[in-house]
Amino acid sequence: MKPIAIAADSGTRGVKMKKSRFSDQLQSELDYNLEICILASGSRGNAVYVSDGSTSILIDAGLSGIEIERRLNSKGLYPEDLNAIIVSHEHTDHIQGVGVLSRRFNLPVFMSSKTEKAAVSKLGNVRVIKNFECGSPFIINDLSIHPFSISHDAEDPSGFTVNQNGTKIAIATDLGIATSMVKEHLKGCSLLILEANHDEDMLINGPYPWPIKQRIKGRTGHLSNEASKNLLKEVQHDRLKYVILAHLSETNNTPQKALSEVGRAMSHCNAQLDVATQDKCGALLRLK
Ligand SMILES: [Zn+2]
Ligand SMILES: [Zn+2]
């Protein structure tokens, strides 16, 4: 499907660019198609930075604006260089900082119209909102972004792939089940950010009230370690470089359990497996 162009509103942002900040470094360090940093992941806030060196976006901004700025700065990144914020769904852990950042840095916010309706009262005054449709790819400068529907208890939740010059990454968190459509989108990626929310035994035997346990386990809840493992089994391939497990529950999971369960899926690739955490941003990863 040919992506439609949705202009990111500022004509100058697309050419400012981060690559110039690295002009004194080796060219080989600049030779990447995409760089990615998970700023935070979990039920207290989610944000992923994605850039091709010229165009930079946040996918979700679910921490306070100041905390997102602090975490970007800790990696030598600057919110002034962002071109847009893309929103997956209206839950607070994905939009808490969207309004503030968009106002402070004059950023357009991309989300579906149903998500906009559900989120608008929480965002405050956002100057430019651009609507995408799940299933229809769009481009921001050279980044091609393909939102796809996921099964989650929000109005119109979406996962995303981002593609630049043939390098593709996917973000799939906040989904109760992995549909065949989700699996199709996750194929052929160099990097996967994949939900591994809970260990099923820890959830069942844990402290949450039964209705919340049911919500998390349900078709519109969150993927367990085991479901994540089964999904990865189907979408792994020998060019997959990174799998980052995300949206881990701090009550019903541990990084060790997630890594060991999902790691058992990886029979056909040598991808680096890691977990994203709530309180610290992850490494800045570059993909060619
Ligand atoms: Zn969430
Ligand atoms: Zn959610």
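Just so you know, these numbers use all the heavy atoms, side chains as well, and skip hydrogens, waters and symmetry mates. Whatever order the structure lists ligands and atoms in, that order sets their numbers, starting from 1.
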When the aromatic ring centroids of F160 and F132 are compared, is their separation below 6.0 Å?
-> yes
Before accepting this row, confirm whether a basic side-chain N of the pair K257/E261 lies closer than 4.0 Å to the acidic partner's carboxylate O.
-> no
Would you check, one step at a time, whether the test side chain to side chain contact (heavy atoms under 4.5 Å, CB included) holds for I145 with Q164?
-> CA-CA 9 Å; I145 298 151; Q164 211 281 0; over 6 Å; no
Set of residues satisfying salt bridge (Lys or Arg N to Asp or Glu O under 4.0 Å) with respect to K187, sequence neighbours excluded = E184
Short N-O contact, D156 and K117, less than 4.0 angstrom | no
Under 2.8 Å from the Zn ion (ligand 2), the protein N, O or S atoms found are H89 NE2, H91 ND1, H152 NE2, D174 OD2
Audit row: D153, R215, salt bridge (charged side-chain N to carboxylate O under 4.0 Å, His left out) steps and yes/no | CA-CA 9 Å; D153 54 359; R215 184 224 152 212; 2.5 Å; yes
